[in-house]
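Here is how names work: the chains are called A, B, and so on, in the same order as the sequence lines, proteins then strands, and each is numbered from 1.
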Amino acid sequence: MSTNDATTPPAEAAGLPAIQVYNTLSREKEPMVTVQPGRVGMYLCGPTVYKPSHIGHMVGPVIFDTVKRHLSYSGWQVTWVVNITDVDDKLIAESSRRGISMTALAEEMTADYLENLAALGVTSIDEMPKATDHIDTIISFIEGLISKGFAYASDGDVYFDVQKDADYGKLTNRSVDAMQGEGGSTADRKRSAADFALWKKAKDGEPSWDSPWGPGRPGWHIECSAMSEAILGNHFDIHGGGLDLVFPHHENEIAQSESLHGCPMASYWMHNGLMQASGASGKVGGRPRDADDGEAASVEAQTAAKISKSTGAEPFKQLLARHEPEAIRMLLLSTHYRSPIHFGEEPLAESGRALEAFRRLFARSERISGTSFYNLPCRTRREGDTQIAAAGDEAAALRTRFLAAMDDDFNTAVAIASLFDYVRVVNKYIDQHQLEATKPEAELARLAALMRTLRELTGVLGLFLEAPQADGGADEALVAGLMELVIEIRANARKAKDFATADLVRDRLGSLSIVLEDRADGTGWSRKA
RNA sequence: GGCUCCGUAGCCAAGUGGCUAAGGCAGCGGAUUGCAAAUCCGCCAUCGUCGGUUCGACUCCGACCGGAGCCUCCA
């Protein structure tokens with residue numbers, strides 16, 4: 001409970017913690033200094049909505065949702081924007097293949113995307129602008145670039161002139177002349193190969209918008225420059241995306257925005273590692289590249305490849321049918337966000353098992369206190385840290401460790417590790433004070449405080465936000481009733497020292513994936529994960 | 001070929017120029033239990049290879065081996 005003392009200083013600026021952020025631009029961690037004190041503007045490149053989203057699409061949102069949670073919790077006012085790309089060559093191709101309008105396709109796939117985000121607890125996005133809602137913004141952005149001499153129209157297309165941009169390539173350390181650029185049919189309309197399209201002339205029958213250069217549609221990169229400016233301003237704080245977007249997408253965004261505005265587009269460029277399809281049989285996709293040489297020392301050179309290039313990229317909905325979203329979120333956060341994540345059935349199952357340690361503690365504490373973890377009131381702001389951290393208190397030290405990890409470039413892996421330690425501390429507390437047998441008031445209050453802090457911290461990670469859905473349907477009550485009956489009968493057998501019967505019951509339930517636990521305060525049951 | 005990055009225990013995965021190299025899964029031993037389960041306690045790595053810098057490196061530098069990403073629209 002935050003004892004809200006009246007001595008809180010009026011200005012919050014001094015109270016904000018120091019956060020380190022790894023910046024792709026400088027390739028090092030930098031202290032976070034925001035454009036406006038106390039505020040953070042954050043932009044994440046969202047999906048092109050032409051087919052159902054897969055696990056790879058979820059990585060960025062989960063990570064940046066966690067980033068936002070931590071920054072908000074730490075006292076910043078964060079505005080987070082994720083764009084929806086709803087006009088693009090792939091949308092045109094897919095909608096014509098299916099015989100529906102591009103708009104209908106985009107709406108269908110956007111809905112799919114949103115449902116998936118919600119399942120994973122990604123709830124903190126403030127705005128999701130669509131490219132097609134910002135065509136005017138985009139056109140005037142392009143006009144601005146042309147009038148400043150950074151872009152040129154060419155036969156209905158408009159291209160960015162890379163030669164005019166002195167520091168082009170600074171994000172990815174590339175030189176202009178080493179680049180191929182988008183080739184093919186448009187090559188001859190460009191001044192140099194590395195130039196990229198800001199506006200594309202429409203072919204017959206393609207969706208198009210009127211523009212000073214004739215009917216057409218925006219190029220790939222321009223929408224992010226235009227929409228981030230419209231919502232977050234010329235210079236905002238954090239721009240994120242997958243590592244595969246660094247080039248050309250983000251490089252080109254920088255070229256467009258900084259050429260037009262003459263100031264940095266974003267202070268920090270954060271890129272998440274890519275999901276690797278690994279391990280599990282057959283799902284990996286990509287052909288086993290056979291170097292036909294004789295023997296390889298390692299019998300199986302395990303080929304990993306990013307999800308989006310593998311056949312393992314099943315629709316996220318299907319994945320959700322097999323794994324609970326909490327386990328997926330846990331898996332995504334248990335690796336540092338800049339590292340590749342090895343994805344597969346086994347890692348997923350393992351992170352599901354890891355989750356159980358938390359759930360068992362929640363259940364245990366609820367049995368003792370009568371209050372569900374999910375209903376605990378807890379602090380949602382971290383101000384006043386120092387009051388919590390009573391010296392020598394193991395739990396407080398772990399909370400400090402958790403926060404230090406998050407402050408250090410959002411190190412969720414270390415944060416989670418400290419949470420596992422935290423769970424152990426609470427279990428030990430319950431053991432030592434025998435809270436399941438006797439319930440002294442002071443210790444119960446202490447337990448409640450420990451659990452509130454745990455809820456506070458898991459909330460920063462976006463984990464355990466809500467009680468898991470009871471998956472059973474109408475039979476749920478029936479099963480519960482039957483289990484109560486079975487347990488009662490077995491208890492009688494145990495009382496009569498008829499352990500053969502008691503064990504038979506437990507074994508048979510075990511083969512039905514039901515686990516019995518004989519505790520001091522009675523017998524509980526649960527389904528095996 | 002150019003540009004990034006990674007290689008830590010059976011598996012997954014943090015981290016550091018010198019102090020006991022986090023945490024999870026699996027495994028082993030103990031406490032507890034009628035027996036289990038759960039919980040707690042304990043055990044389980046010298047950090048890809050070879051050189052170099054340094055009083056000292058797993059942490060810095062170089063080479064090599066292996067893996068990943070980008071160099072036309074993939075988050």
Between [N] and [M], how far apart are the two [atom1] atoms, rounded to whole Å?
| N | M | atom1 | result |
| --- | --- | --- | --- |
| B/G67 | B/U32 | C1' | 46 Å |
| B/U20 | B/U39 | C1' | 25 Å |
| B/U46 | B/U8 | C1' | 10 Å |
| B/A31 | B/G24 | P | 22 Å |
| B/G17 | B/A9 | C1' | 23 Å |
| B/G15 | B/G51 | C1' | 25 Å |
| B/C28 | B/C44 | C1' | 8 Å |
| B/U59 | B/G42 | P | 30 Å |

Verify whether the ring centers belonging to A/H221 and A/H250 lie closer than 6.0 Å.
no
Is the A/H239-A/Y43 ring centre distance short of 6.0 angstrom?
yes
4.5 Å side-chain heavy-atom contact, A/T501 and A/R490
no
Under 4.5 Å between any side-chain heavy atoms of A/L450 and A/R446, yes or no?
yes
For the side chain of [X], starting at C-beta, report the closest nucleotide among [options].
| X | options | answer |
| --- | --- | --- |
| A/F247 | B/C70, B/A38, B/A75 | B/C70 |
| A/N427 | B/A75, B/C40, B/C5 | B/C40 |
| A/A417 | B/G69, B/G34, B/A22 | B/A22 |
| A/V414 | B/A22, B/A37, B/A75 | B/A22 |
| A/L274 | B/U39, B/G24, B/A75 | B/A75 |
| A/R360 | B/A38, B/G2, B/A36 | B/A38 |
| A/A502 | B/G2, B/C5, B/G34 | B/G34 |
| A/E350 | B/C11, B/A75, B/A22 | B/C11 |

For [X] and [N], is the shortest distance between a side-chain N/O and OP1 or OP2 below 4.0 Å?
| X | N | result |
| --- | --- | --- |
| A/K428 | B/C41 | yes |
| A/N411 | B/A14 | no |
| A/R424 | B/C41 | yes |
| A/R338 | B/C5 | no |
| A/S339 | B/A14 | yes |

Does [X] reach a base, just sugar-phosphate, or nothing at all? Heavy atoms under 4.0 Å.
| X | answer |
| --- | --- |
| A/G60 | nothing |
| A/R490 | base |
| A/A354 | sugar-phosphate |
| A/V515 | sugar-phosphate |

Let's test this: given Watson-Crick or G-U wobble pairing with both distances under 3.5 Å, identify the partner of [N].
| N | answer |
| --- | --- |
| B/C40 | B/G30 |
| B/G17 | none |
| B/A68 | B/U4 |
| B/C58 | none |

Gap between atoms [atom1] and [atom2], on [X] and [N] respectively (whole Å):
| X | N | atom1 | atom2 | result |
| --- | --- | --- | --- | --- |
| A/R359 | B/A38 | CZ | P | 16 Å |
| A/H433 | B/U39 | NE2 | P | 19 Å |
| A/D431 | B/C41 | CG | P | 9 Å |
| A/H271 | B/C6 | NE2 | P | 16 Å |
| A/E356 | B/A26 | CD | C1' | 16 Å |
| A/Y159 | B/U72 | OH | P | 15 Å |
| A/F358 | B/G23 | CZ | P | 13 Å |
| A/F362 | B/A38 | CZ | P | 18 Å |

Of A/V425 and A/Y22, the one whose closest RNA chain B nucleotide lies more 5'
A/Y22
A/N173 or A/V423: which one's nearest nucleotide on RNA chain B is closer to the 5' end?
A/N173
Is it the case that the base of B/G34 and the side chain of A/D503 share a donor-acceptor contact (distance under 3.5 Å, atom types as modelled)?
yes
Look at the side chain of A/R506 and the base of B/A36, then say whether one donor and one acceptor between them are separated by less than 3.5 Å.
yes
Option among A/I341, A/T412, A/N272 that satisfies the side chain to side chain contact (heavy atoms under 4.5 Å, CB included) test with A/L332
A/I341
Begin from the C-alpha positions of A/R364 and A/D431 and carry the test salt bridge (charged side-chain N to carboxylate O under 4.0 Å, His left out) through to its verdict.
CA-CA 11 Å; A/R364 195 180 187 198; A/D431 284 356; 2.6 Å; yes
Parallel, tilted or perpendicular: which fits the ring planes of [X] and [Y], with parallel below 30° and perpendicular above 60°?
| X | Y | result |
| --- | --- | --- |
| A/F160 | A/F196 | parallel |
| A/F373 | A/F464 | perpendicular |
| A/H54 | A/H57 | tilted |
| A/Y159 | A/Y152 | tilted |

Give the residues of residues 492-500 of chain A touching RNA chain B, defined as any heavy atom closer than 4.0 Å, sorted by residue number.
A/R494, A/F499
Expected list for residues 325-336 of chain A near RNA chain B, using heavy atoms below 4.0 Å, is A/S334, A/T335, A/H336
A/E206 and side-chain hydrogen bond (donor to acceptor under 3.5 Å, both in side chains): which partner among A/K200, A/K201, A/R217?
A/R217
Could you walk me through whether A/D409 and A/R338 pass the salt bridge (charged side-chain N to carboxylate O under 4.0 Å, His left out) test, one step at a time?
CA-CA 10 Å; A/D409 196 29; A/R338 279 187 275 119; 2.7 Å; yes
Is the positively charged end of A/R399 above the ring of A/Y422, judged by distance under 6.0 angstrom from the centroid and angle within 45° of the axis?
no
How about CD on A/E488, more than 12 heavy atoms from neighbouring residues, nucleotides or ligands closer than 6.0 Å, or not?
no
